[in-house]
Amino acid sequence: MGLLARAGAELSTRAEDADVIVVNTCSFIESAQQESVNTILEMAAHKTSGRAKKLIVAGCLVERYREEIRKRIPEVDAVVGTGELQNILSAAGLETAPAPGSSPFVVLPSRPEGEAREAQGRFSRGEWDGAVADLPNYLYDDETPRILATPKHTAYIKIAEGCDHPCTFCIIPQLRGKFRSRRFESVIAEAERLALAGVREITLIGQDTTCYGEDFGLKDGLALLLEKLAQIEDLRWIRFLYAYPNKITGKLLETIAAHENICSYMDVPLQHASASVLKRMKRGAGADVFLRSIEKMRRVIPDLTLRTSFIVGFPGETEKEFEELCEFVREAQFDWMGTFSYSDQEGADAYGLEAKLSTREIERRRKQLMEIQRRISRKRKKSLVGREFDLVLEGTSEETDLLLEGRTSMHAPEIDGKVFVNDFPPEIAPEPGNFYRCQITESHDYDLVARIL
Ligand code: SF4
């Protein structure tokens, strides 16, 4: 969006008003691919019977099915994969097209850091069956123009791209390439600029945030980065998502605990708790190791909010292995938990595994696990009633005009439960994007009700 706007495009979210339509796709799991294809077909209708002159498909689906998209959906004028973002300009007709005979894609210099890790044996994938000859190596920096798609007080910053882990259910490394970190100064410069523009909450993301800086030879790179970001005065809440379990160091936990503007919040997708399933997933560890690590996190960071996610129905998951997972969830007492049904992905190692479970059985297990967590969540939310927190106001509730909605530092944007606000003193006119002191007055399974003090 930033590149297009800088080149003179006027952006619109209404497809019927657009001359050029860009569909940004995901192909992480089958349902995402289906949603992407449905959206492309829906948008193609604007070209045949509406105003649109061009249809561009961008994102991960292109990395996987570049040729198929071109062949099967003739309405598509151009595709732009995850490693060739700047080609959006020529695709949209905002830049001169490449000369005949030359490569239609800008070739980026390869990232020596990624290569260095591969040489050290850190890059665990031998073969690539992605649709492109080269893995994407694009990485944005603080000079890349950017338009925020989030409310003005909150922003995501991607600190690294790609992943070198070998998880057998996952095709993200094929789609996003080898792990490479953004430069330290680039992330800081972007955060400073965002803070100056009014952003008060920063969420650091990447496929693997806890490896940040390893490719520069930095030890505890994420902790160092957080430390530096915490010095930016206008940032009230800083957090990161997607921690890899065995990459959580003592230094990282201590850094979180030491700074008031780093949220006492950890998102650690564990994927499973049975050691045998985790071994087949090529992730390792198991319930005992995880429980010790959680105990340490809670000891070092008082009042920690802990989020995780699991995959149920991995090939060969026995009743016993599933029960181990249930027992672990009862013991670990997460604040937030997501559960995903295993989705078979061509190109992922697990695709070739025997003993696939039926969709029905996977769904039964997913519901059972969520029911365990629902009861845990209900209890944990109830314990918050009467306590006071800072809350950022998001605006009028999507569910009813009669309530306002906000988040505390226990709630990451978009993924965690909601805080409904039903009362505030008559002398204030609550403004979205502002922070208020609030008291929790009611709790539900996942959501809370608060009044502004
Ligand atoms: S660490 Fe995450 S992104 Fe990387 S391979 Fe595993 S599941 Fe995929």
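From a predicted model like this one, the values you see are computed outputs, not experimental measurements.
- Two residues are said to be in side-chain contact when any heavy atoms from C-beta on lie closer than 4.5 Å; Phe389 and Ser409 fail this criterion.
- In summary, Asp215 and Arg180 do not engage in a salt bridge, as defined by a charged side-chain N under 4.0 Å from a carboxylate O.
- Stacking of Lys356 on the aromatic ring of Tyr342 is not recorded, the 6.0 Å distance cut-off and the 45° axial limit not both being met.
- Taking the side chain as every heavy atom from C-beta outward, Arg51 and His46 never approach each other to under 4.5 Å.
- Take Asp445 and apply the salt bridge (charged side-chain N to carboxylate O under 4.0 Å, His left out) test, not counting sequence neighbours, and it matches Arg374, Arg378.
- Residues Lys282 and Cys167 form no side-chain contact, since every pair of their non-hydrogen atoms from C-beta on lies 4.5 Å or further apart.
- For the pair Arg236 and Phe435, the cation sits on the ring face: its NZ or CZ lies under 6.0 Å from the ring centre, inside 45° of the axis.
- Checked against Ile188 for a side-chain contact (heavy atoms from CB on, under 4.5 Å), the options Glu192, Glu185, Glu190 give a single hit: Glu192.
- Counting heavy atoms from C-beta on, the side chains of Thr255 and Leu224 never come closer than 4.5 Å.
- Look at Asp447 and Lys381 and you find no salt bridge, because none of the NZ, NE, NH1 or NH2 atoms lies under 4.0 Å from a carboxylate O.
- Using a distance-only test at 3.5 Å, with no hydrogens or angles considered, no donor-acceptor pair links the side chain of Ser309 to the main chain of Leu270.
- For Lys228, the NZ atom counts as loosely surrounded, since its 6.0 Å shell holds 12 or fewer non-hydrogen atoms of other residues, nucleotides or ligands.
- For Asn246, the side chain to side chain donor-acceptor pair (under 3.5 Å) test picks out no residue, with sequence neighbours left out.
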### Query
So Met337 and Met370, side chain to side chain contact (heavy atoms under 4.5 Å, CB included) or not? Walk me through it.
CA-CA 8 Å; Met337 187 189 96; Met370 275 323 285; 3.8 Å; yes
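- Remark: the backbone N or O of Ser186 is paired with a side-chain donor or acceptor of Arg182 at under 3.5 angstrom.
- Within the 4.5 Å cutoff, the side chain of Ile159 has no heavy atoms near those of the Ile205 side chain.
- A donor-acceptor pair under 3.5 Å links the side-chain atoms of Thr25 to the main chain of Ala58, judged by distance alone.
- Atom CD of Glu16 sits in a crowded spot, with more than 12 heavy atoms from other residues, nucleotides or ligands closer than 6.0 Å.
- Note: Phe314 and Phe169 have perpendicular aromatic rings, judged against thresholds of 30 and 60 degrees for the angle between ring planes.
- Residues passing the salt bridge (charged side-chain N to carboxylate O under 4.0 Å, His left out) test with Asp416 are Arg307, sequence neighbours excluded.
- Remark: side-chain polar atoms of Thr203 are not paired, donor with acceptor, to backbone N or O of Arg239 under 3.5 angstrom.
- Of the possible donor and acceptor atoms, one in the side chain of Ser181 sits under 3.5 Å from a partner among the backbone N and O of Gly213.
- Remark: Arg72 pairs with no residue by the salt bridge (charged side-chain N to carboxylate O under 4.0 Å, His left out) rule, at least two apart or across chains.
- With a 4.5 Å cut-off on side-chain heavy atoms, Thr210 and Tyr212 do not count as touching.
- Between the side chain of Ser90 and the backbone N or O of Asn87 there is at least one donor-acceptor pair closer than 3.5 Å.
- Counting only residues at least two apart or on different chains, no salt bridge (Lys or Arg N to Asp or Glu O under 4.0 Å) pair has a member in residues 165-175.
- In terms of the ring-ring contact (aromatic ring centres under 6.0 Å, His included) criterion, His272 has no residue partners (sequence neighbours excluded).
- Heavy-atom contacts from other residues, nucleotides or ligands closer than 6.0 Å to CD of Glu371 number more than 12.
- Salt-bridge formation is detected for the pair Glu363/Arg366: a Lys NZ or Arg NE/NH1/NH2 atom is positioned less than 4.0 Å from an Asp or Glu carboxylate oxygen.
- The pair Lys418-Glu405 counts as a salt bridge, with a side-chain nitrogen and a carboxylate oxygen less than 4.0 angstrom apart.
- Summarising the local packing, CG of Asn38 is surrounded by more than 12 heavy atoms from other residues, nucleotides or ligands at distances under 6.0 Å.
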